[in-house]
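Okay, so here's the structure we're looking at.
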Number of protein chains: 2
Amino acid sequence: MTSSLPAVPDAELLRLDHQVCFSLHAASRAFGGVYRDALKDLGLTYPQYLVMMVLWEHGSQPVKAIGEQLRLDSGTLSPLLKRLESAGLVRRERSAADERSVTVELTGAGAELKEKALPVPRRILAATGLEVEEILALQALLGRLTGALDQAR
Amino acid sequence: MTSSLPAVPDAELLRLDHQVCFSLHAASRAFGGVYRDALKDLGLTYPQYLVMMVLWEHGSQPVKAIGEQLRLDSGTLSPLLKRLESAGLVRRERSAADERSVTVELTGAGAELKEKALPVPRRILAATGLEVEEILALQALLGRLTGALDQAR
DNA sequence: CACCATTGAGTTGTGCACAACTTAATCGTG
DNA sequence: CACGATTAAGTTGTGCACAACTCAATGGTG
């Protein structure tokens, strides 16, 4: 492990790192900005949109399952879901089978919102200026990266 | 613009979008986690590390200049710099030439911290599991992406 | 079956991101 | 030179991320 790459001095690597971590940070925030604009009409934030997409695709689910798909813990999800609930988009119900578990389900308004969300992805795709193939390549690279980073902890 | 890609239906695109935005979000957070571990010894958060790197590389600078390099505004930087100051790593001084401007400079402790930071990038690079060339390609792609996204707003 | 470890959700506290705003200094134009 | 526009920094308020914690329900083992 930690192939030490003796050719590259530490100081050089510090500068390279500056670029890389900054690039990713900046890209993530730039994406956030574009989503913010695109989602303003829907009244959703970007993380809220992620949660809604999980529900649109897979239907009612316990908080735990949503958290696993988005790699978010209850500390992030609980208040977020509470906001979605008070916006009238989801309902939360204690499971009868396991009283520890809370199932999140879409309300009528929540389900309807999917229609308004349909044009969002095309708008985002256009904003990236990338071809679909490049997007897929980026996605594959990021997936590999995330897996490696998660494993390294 | 907005090549509409009539071959891909909206619903499909919504799922693709799910993947892409999630990938980037997840990668960004995974990076954050690895940095959190690597920076714990230094007592720095990831954004604080970005600011320190700017100062290590380019020396004393006004808040404005730091913000431009990191694409962060004063709402984010002011409290962050205040924390760095109370940690004894930087000093803030009103510029004599322009009283609106505040120059941020490293303290002795702040400058010394660079030595402790030197091994960090190698650790991060190792955690990514990527080759230097792949990193550079990713960086280029992300740079292009960020530029396009910023311009689309 | 009794007890204790584990699990799922929620809470608390810290820090970042960003919009909207305030304040004070500076600049530019009439 | 005076005054309105602009600029730099800071403040306020909202929301997300995450660590550390609480609490109640569940499950496994002696």
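Everything numeric here is computed off the predicted structure, so don't read it as measured data. Chain identifiers are assigned alphabetically (A, B, ...) following the order of the sequence lines, protein sequences preceding nucleic acid strands; residue numbering begins at 1 within each chain.
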For [X] and [N], give me the distance from atom [atom1] to atom [atom2], rounded to whole Å.
X: A/Arg94; N: C/dT7; atom1: CZ; atom2: C1'; result: 12 Å
X: A/Leu84; N: D/dT14; atom1: CG; atom2: P; result: 17 Å
X: A/Ile66; N: C/dG8; atom1: CD1; atom2: P; result: 14 Å
X: B/Gln61; N: D/dA8; atom1: CD; atom2: P; result: 14 Å
X: A/Leu80; N: D/dT14; atom1: CG; atom2: C1'; result: 13 Å
X: B/Phe31; N: D/dA17; atom1: CZ; atom2: P; result: 18 Å
X: B/Arg36; N: C/dG15; atom1: CZ; atom2: P; result: 12 Å
X: A/Leu81; N: C/dG8; atom1: CG; atom2: C1'; result: 13 Å

Handout entry: Sub-4.0 Å heavy-atom contacts from residues 96-106 of chain B onto DNA chain D, ordered by number
Key = B/Arg100, B/Ser101, B/Val102
Handout entry: Contacting residues from residues 68-78 of chain B, given that a heavy atom lies under 4.0 angstrom of DNA chain D
Key =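 B/Ser74, B/Gly75, B/Ser78 - these, ordered by number, are the residues of the stretch whose heavy atoms sit under 4.0 Å from the strand.
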Problem - Qualifying residues under salt bridge (charged side-chain N to carboxylate O under 4.0 Å, His left out), relative to A/Glu134, sequence neighbours excluded - result: B/Arg144
Practice task
Please list, chain by chain and in numerical order, all residues satisfying salt bridge (charged side-chain N to carboxylate O under 4.0 Å, His left out) with B/Glu105, sequence neighbours excluded.
Solution key: B/Arg91
Handout entry: Given DNA chain C, 5'-ward residue of the pair A/Pro79 and A/Gly33, judged by closest heavy atom
Key = A/Pro79
Give the table of side-chain donor-acceptor pairs shorter than 3.5 Å for residues 38-45 of chain B, with sequence neighbours excluded, one pair per line with atom names and distance.
unit_1  : atom_1 : unit_2  : atom_2 : d
B/Thr45 : OG1    : B/Gln48 : N      : 3.3

Distance-only donor-acceptor pairs under 3.5 Å for side chains of residues 21-33 of chain B, two or more places apart:
unit_1  : atom_1 : unit_2  : atom_2 : d
B/Ser23 : OG     : B/Gln19 : O      : 2.6
B/Ser28 : OG     : A/Ser28 : OG     : 3.4
B/Arg29 : NH1    : A/Arg71 : O      : 2.8
B/Arg29 : NH2    : A/Leu70 : O      : 2.7

Handout entry: Main-chain N/O of A/Leu89 paired to A/Thr107 side chain as donor or acceptor, under 3.5 Å
Key = yes
Exercise for the section: Report yes or no: does A/Gln69 contribute a side-chain atom to a donor-acceptor pair with the main-chain N or O of A/Val54 at less than 3.5 Å? Expected result: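 Checked: no pair found.
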Handout entry: B/Leu138 side chain near A/Leu138 side chain, heavy-atom distance below 4.5 Å
Key =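 They are in side-chain contact.
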Handout entry: pair A/Val90-A/Met52: side-chain heavy atoms closer than 4.5 Å
Key =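 Touching, per the 4.5 Å side-chain cut-off.
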Practice task
Using a 4.0 Å heavy-atom cut-off across all strands, classify B/Pro62 as base, sugar-phosphate, or nothing.
Solution key: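 Here B/Pro62 touches the backbone only, sparing every base.
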Exercise for the section: Look at B/Lys82 and D/dA9 and indicate whether a side-chain polar atom (N or O) is within less than 4.0 Å of OP1 or OP2. Expected result: no
Problem - Any B/Arg92 side-chain N or O less than 4.0 Å from OP1/OP2 of D/dG10 - result: yes
Exercise for the section: For the residue pair A/Tyr49 and A/Trp56, categorise the inter-ring angle as parallel (less than 30°), tilted (30 to 60°) or perpendicular (more than 60°). Expected result: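 Ring orientation of A/Tyr49 relative to A/Trp56: perpendicular.
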